Amino acid sequence: MNSSSKPRKKTEASWKSFEQKMGMSQDNLRGFILALLSSGFIGASFIIKKKGLRRAAAVSGVRAGYGGYAYLLEPLWWLGMVTMIVGEVANFVAYAFAPAILVTPLGALSIIVSAVLAHFMLKEKLHQLGVLGCVMCISGSVIIVINAPQESPITSVQEIWAMATQPAFLLYLGSVIVLVVLLILYFAPRCGHTNVLVFTGICSLMGSLSVMSVKALGTALKLTFEGKNQLVYLETWFFMFIVATCVIIQMNYLNKALDTFNTAVVSPIYYVMFTSLTIIASVIMFKDWDGQNTGSIISELCGFIAVLCGTILLNSAKDSDRGSSFRGEHAPLSPTLSTGLFSGNRETLKHDEENELSPDDICLRKQEPY
């Protein structure tokens, strides 16, 4: 009994020592590890799926982009789908442990995973500009992780409801609703197909609300599994309804943006807007920066800017290879389970399945809600 408990105590001591060195709480560390695993699984899933698509096309002679569905019988493609689902589940759980200001920017790491694997497995060359982008993303992520805020313990979904109904967040919520309605009813019919900011603005604004709701729902489920049943509260089901509503609206306009504009344009703009709005919403609702000193906040912002610049460089490297332009092109798109469910354009979806794995598309995939 004593001999078996010694290794366990040693492991726990090593774990606590690692937490202290990283300056992170146990929940933040769990969320960080889950976010890393999520990026790894999602980035790898696109490479696996593409290899499956190539193998299916070689067997059937009909590519998915031209109406072929042989990939549905290809085990490698389904392995990619399972890998993607595992990654999304890990990302969902990460929000239950760590603040959105830590989890959301780490989504850019999936681009690195995809780009590196594509370089070695698919022989898609990673240029020097792309390597620099990878280095900047990693450096920025390390800075964010080191300076990430510690969340206050939450013991009930009603606490989250109190945060969501505080005047500051209600003001943010009202502003988002007004802007979304204005963009949908006024700007979308007039300039939605000529200005990339309209469609990306709608899905980014709704995306910030979906992440807040996902975090609330994930925390409620976490507490439930710990023995504190939160399913008896109406607030839990309300957050679930908000998640579903935001996902539907977000996916609808994300599809429109992808279908209208070059992915290399949509991807960095969407990443900037979505991540920035998510951080703002999290700071207002969960008060992530309360108790942090000015130096830590500035460091987090610098880390985010580094990740942002790295993402843009990765997309620029890919865009220069394609020689694409800003408007009106239909670049290779990255379909997802959500995109497939809510897409109303069958031909676009077919085109997506064939060309789904451009590394610059992974950034969009990571930002999509659940």
Side-chain angles (χ1 to χ4, degrees), residues 25-35 37-38 85-104 106-107 148-177 180 203-252 274 277-288 290 336-338 341-342 366-370:
S25 67
Q26 187 172 355
D27 279 352
N28 271 18
L29 185 57
R30 288 174 178 172
F32 166 65
I33 293 174
L34 285 167
L37 290 174
S38 173
I85 292 171
V86 171
E88 289 296 343
V89 171
N91 198 43
F92 177 87
V93 178
Y95 279 110
F97 287 100
I101 196 172
L102 169 61
V103 177
T104 304
L106 293 178
Q150 311 295 332
E151 279 193 317
S152 301
I154 297 175
T155 59
S156 171
V157 71
Q158 292 178 315
E159 289 184 30
I160 305 178
W161 180 257
M163 297 176 186
T165 53
Q166 61 183 308
F169 188 75
L170 288 178
L171 178 61
Y172 175 81
L173 177 63
S175 301
V176 168
I177 293 174
V180 168
C203 52
S204 297
L205 287 164
M206 297 304 296
S208 68
L209 296 183
S210 70
V211 169
M212 296 303 100
S213 301
V214 161
K215 182 166 179 60
L217 181 60
T219 303
L221 293 176
K222 172 191 168 187
L223 291 171
T224 299
F225 289 131
E226 290 176 351
K228 303 173 184 177
N229 188 10
Q230 303 298 304
L231 300 179
V232 297
Y233 298 111
L234 289 177
E235 289 86 348
T236 301
W237 299 99
F238 180 79
F239 282 126
M240 190 178 298
F241 171 76
I242 295 299
V243 169
T245 303
C246 290
V247 166
I248 293 172
I249 297 175
Q250 188 179 356
M251 288 302 95
N252 180 36
F274 171 83
L277 289 168
T278 298
I279 290 175
I280 291 172
S282 182
V283 167
I284 295 173
M285 180 172 170
F286 294 99
K287 302 187 182 301
D288 291 333
D290 283 13
T336 66
L337 182 60
S338 302
L341 289 173
F342 296 111
K366 185 66 177 177
Q367 307 307 319
E368 291 175 9
Y370 310 91

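This structure is a prediction, so every number in the text was calculated from the model and none was measured.
Between I154 and I160, some side-chain heavy-atom pair lies under the 4.5 Å cut-off. Looking at L173 and M212, their side chains never come closer than 4.5 Å, going by heavy atoms from C-beta outward. Side-chain atoms of I101 and F286, non-hydrogen and from C-beta on, never get closer than 4.5 Å to each other. Contact check for P99 versus N28: side-chain heavy atoms found under the 4.5 Å cut-off. Considering only heavy atoms from C-beta on, N252 stays 4.5 Å or farther from I248 through its side chain. Contact of the F97 side chain with the L29 side chain is not registered, since no non-hydrogen atoms from C-beta on lie closer than 4.5 Å. By the 4.5 Å heavy-atom criterion applied to side chains, F169 and M163 are not counted as neighbours. With contacts defined as side-chain heavy-atom distances shorter than 4.5 Å, the pair L221/L231 qualifies.
Within the model, atoms OG1 of T245 and CE of M240 stand 12.0 Å from one another, a figure rounded to the nearest 0.5 Å. The distance from the OH atom of Y95 to the OG1 atom of T104 is 3.0 Å, given to the nearest 0.5 Å. If you take CZ on F32 and CG on L37, they are separated by 10.0 Å, rounding to the nearest 0.5 Å. Rounded to the nearest 0.5 angstrom, S282 OG and D288 CG are separated by 3.5 Å. In this structure, CD1 on I177 lies 11.0 Å from CG on L205, to the nearest 0.5 angstrom. We find the CE-CE distance between M206 and M251 to be 11.0 Å, quoted to the nearest 0.5 Å.
In plain terms, the two heavy atoms of A94 and L34 that are nearest each other are CB-CB, 3.8 Å. Scanning all heavy atoms of the two residues, the minimum distance from L223 to S156 falls at CD1-N, 3.7 Å. Shown here for Q166 and I284, the closest heavy-atom pair between the two residues is NE2-O, 3.3 Å. Between Q250 and S210 the shortest heavy-atom distance is OE1-OG, 3.5 Å. Between L106 and A35, the shortest heavy-atom distance links the atoms CD1-CB, 3.8 Å. Smallest separation of non-hydrogen atoms from T224 and Q230: OG1-N, 3.1 Å.
In this model, a donor atom of one side chain and an acceptor atom of the other lie less than 3.5 Å apart for S208 and Y172.
Scored by the salt bridge (Lys or Arg N to Asp or Glu O under 4.0 Å) test, K287 finds no partners at all (sequence neighbours excluded).
Panel note: side chain K228, backbone A220; no donor-acceptor pair is recorded below 3.5 Å.
Note: W161 and F238 meet the aromatic proximity criterion, with ring centroids under 6.0 Å apart.
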